[in-house]
K.L.:
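Quick one: the structure is below, and I'll ask about it shortly.
Since the model is a prediction, treat every value here as computed from it, not as a measurement.
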Amino acid sequence: MRWRAWGVVLVGALGTVMSVGSGADAQPEPVLSVIVHPSNRGATGDRTALRQLFQTKVTRWASGERAVPLNLPRGSAARDAFDRAVLGLSPEESERYWIDRKIRGGAPPPALAPDPATVLRTVAQTPGGIGYVPAGATGAEVRVIATVRDGKVVTE
């Protein structure tokens with residue numbers, strides 16, 4: 001009977017430690033800037049337009065220029081935050097979406113850039129380019145059209 005009481009205390013203590021530990025592991029979502037080439041004056045940063053571009057349902061800007069969306073790698077905090085806020089999809093749902101598009105013969109997904117520096121450099125050099133990078137990582141070489149913060153898209 002004494003062992004049983006210790007077992008209950010031990011399980012209760014472990015549960016408390018585990019719940020405290022799991023809260024400490026949670027990281028806040030990154031704040032992102034959605035960027036385009038500075039010559040792209042017609043780009044809009046509203047969620048619907050961004051979703052259509054990054055799901056490759058729209059492949060040209062209003063000017064007729066080919067849109068070149070760039071994604072960060074799957075599993076990165078920035079990609080996961082962007083997919084949730086803009087596409088309304090979890091990482092798993094996003095993966096299934098692109099598998100389904102491939103099976104049905106849809107347009108391919110956006111190109112993958114290995115890191116934010118590559119996104120920034122490519123968008124700065126590509127008139128139809130659009131991508132997202134951590135907020136504050138931009139300069140005069142690109143134009144910010146939206147900010148992704150706390151699961152929401154705010155148009156600039």
K.L.:
Are any side-chain N or O atoms of W61 and backbone N or O atoms of G128, one a donor and one an acceptor, separated by less than 3.5 Å?
P.N.:
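Answer holds: yes.
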K.L.:
Less than 4.0 Å between a side-chain N and a carboxylate O, is that true for R74 and E95?
P.N.:
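Answer for the salt bridge query: yes.
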K.L.:
Side-chain donor-acceptor pair under 3.5 Å between T56 and R101, yes or no?
P.N.:
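Judged by distance alone, the side chains do pair up.
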K.L.:
Would a hydrophobic clustering, with Ile, Leu, Val, Met, Phe, Trp and Tyr connected at side-chain separations under 4.5 Å, put F54 with V31?
P.N.:
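No, F54 does not connect to V31 through the hydrophobic network.
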K.L.:
Find the distance between CG (N40) and OG1 (T126) and round it off to the nearest 0.5 Å.
P.N.:
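N40 CG to T126 OG1: 11.5 Å, rounded to 0.5 Å.
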K.L.:
Decide side-chain contact (heavy atoms from CB on, under 4.5 Å) for R143 and I35; before the verdict, give the C-alpha distance in whole Å, the side-chain angles of both, and the deciding distance to 0.1 Å.
P.N.:
CA-CA 5 Å; R143 189 166 71 87; I35 57 172; over 6 Å; no
K.L.:
Using the ring of each side chain (for Trp, its six-membered ring), is Y132 parallel, tilted or perpendicular to F82, with breaks at 30° and 60°?
P.N.:
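Aromatic pair Y132/F82 classed parallel.
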K.L.:
Taking CG in D150 as the centre, count heavy atoms belonging to other residues, nucleotides or ligands within less than 6.0 Å. Is the count above 12?
P.N.:
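No, the 6.0 Å shell around CG holds no more than 12 heavy atoms from other groups.
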K.L.:
Counting only heavy atoms not in R149, do more than 12 fall under 6.0 Å of its CZ?
P.N.:
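Counting other residues, nucleotides and ligands, CZ of R149 stays at 12 neighbours or fewer.
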K.L.:
Look at the side chain of S76 and the backbone N and O of P73, then say whether any donor-acceptor pair between them is shorter than 3.5 Å.
P.N.:
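Confirmed, S76 side chain pairs with P73 backbone.
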K.L.:
So E141 and H37, do their side chains get closer than 4.5 Å, heavy atoms only?
P.N.:
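The answer is no, as the side chains (C-beta and beyond) never meet within the 4.5 Å cut-off.
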K.L.:
Scan E29, E92, E93 and name whichever one has a salt bridge (Lys or Arg N to Asp or Glu O under 4.0 Å) with R84.
P.N.:
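In the set E29, E92, E93, the residue that makes a salt bridge (Lys or Arg N to Asp or Glu O under 4.0 Å) with R84 is E29.
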K.L.:
Taking all non-hydrogen atoms of both residues, which atom of S33 and which atom of T138 are closest, and how far apart?
P.N.:
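In terms of heavy atoms, the two residues are closest at CB-CG2, 4.2 Å.
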K.L.:
Nearest 0.5 Å, what's the CG-OG1 distance between L32 and T147?
P.N.:
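With rounding to 0.5 Å, CG (L32) is 9.0 Å from OG1 (T147).
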K.L.:
Would you indicate whether the side-chain heavy atoms of P134 and P30 approach each other to under 4.5 Å?
P.N.:
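Heavy-atom side-chain distance check fails, nothing below 4.5 Å.
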K.L.:
Could you check whether R79 pairs with D83 (Lys NZ or Arg NE/NH1/NH2 to Asp/Glu carboxylate O, under 4.0 Å)?
P.N.:
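Yes, this pair counts.
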K.L.:
Looking at T118, is its backbone amide N or carbonyl O close enough to the side chain of T122 to form a donor-acceptor pair, meaning the two atoms are under 3.5 Å apart?
P.N.:
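Between the backbone of T118 and the side chain of T122 there is a qualifying donor-acceptor contact (under 3.5 Å).
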K.L.:
Can you find a pair of side-chain heavy atoms, one from V153 and one from V86, that are under 4.5 Å apart?
P.N.:
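Contact flag for V153/V86 side chains = yes.
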K.L.:
Got more than 12 heavy atoms from elsewhere within 6.0 Å of CZ, R66?
P.N.:
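No, the 6.0 Å shell around CZ holds no more than 12 heavy atoms from other groups.
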K.L.:
From L72 CG over to D80 CG, what is the distance, rounded to the nearest 0.5 angstrom?
P.N.:
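Going from the CG atom of L72 to the CG atom of D80 covers 10.5 Å.
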K.L.:
Contact between V133 and V34 at the side-chain level, heavy atoms closer than 4.5 Å - yes or no?
P.N.:
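No - every pair of side-chain heavy atoms lies 4.5 Å or more apart.
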K.L.:
Does any part of the side chain of T155, heavy atoms only, come nearer than 4.5 Å to the side chain of I145, both counted from C-beta?
P.N.:
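Sidechains of T155 and I145: no contact.
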K.L.:
Would you say I130 and L70 are hydrophobically clustered, going by side-chain heavy atoms of ILVMFWY under 4.5 Å?
P.N.:
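I130 and L70: one cluster.
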K.L.:
Report yes or no: do L89 and V58 belong to one cluster of Ile/Leu/Val/Met/Phe/Trp/Tyr joined by side chain heavy-atom distances under 4.5 Å?
P.N.:
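In one cluster: yes.
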K.L.:
With heavy-atom distances below 4.5 Å as the criterion, would you say the side chains of L120 and Q125 are in contact?
P.N.:
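Side-chain contact under 4.5 Å: no.
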K.L.:
How far does CG of L87 sit from CG of L50, to the nearest 0.5 angstrom?
P.N.:
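So the CG of L87 and the CG of L50 are separated by 9.0 Å.
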K.L.:
Do V119 and N71 pass the side-chain contact (heavy atoms from CB on, under 4.5 Å) test, and can you show the C-alpha distance, the side-chain angles, and the key distance before you say yes or no?
P.N.:
CA-CA 8 Å; V119 172; N71 256 336; over 6 Å; no
K.L.:
At their closest point, which heavy atom of V148 faces which heavy atom of A85, and how far apart are they?
P.N.:
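That would be CG1-CB, 3.5 Å.
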K.L.:
Write down the atom of A49, the atom of T44, and the distance for their closest heavy-atom approach.
P.N.:
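What the structure gives for the nearest pair is CB-CG2, 3.5 Å.
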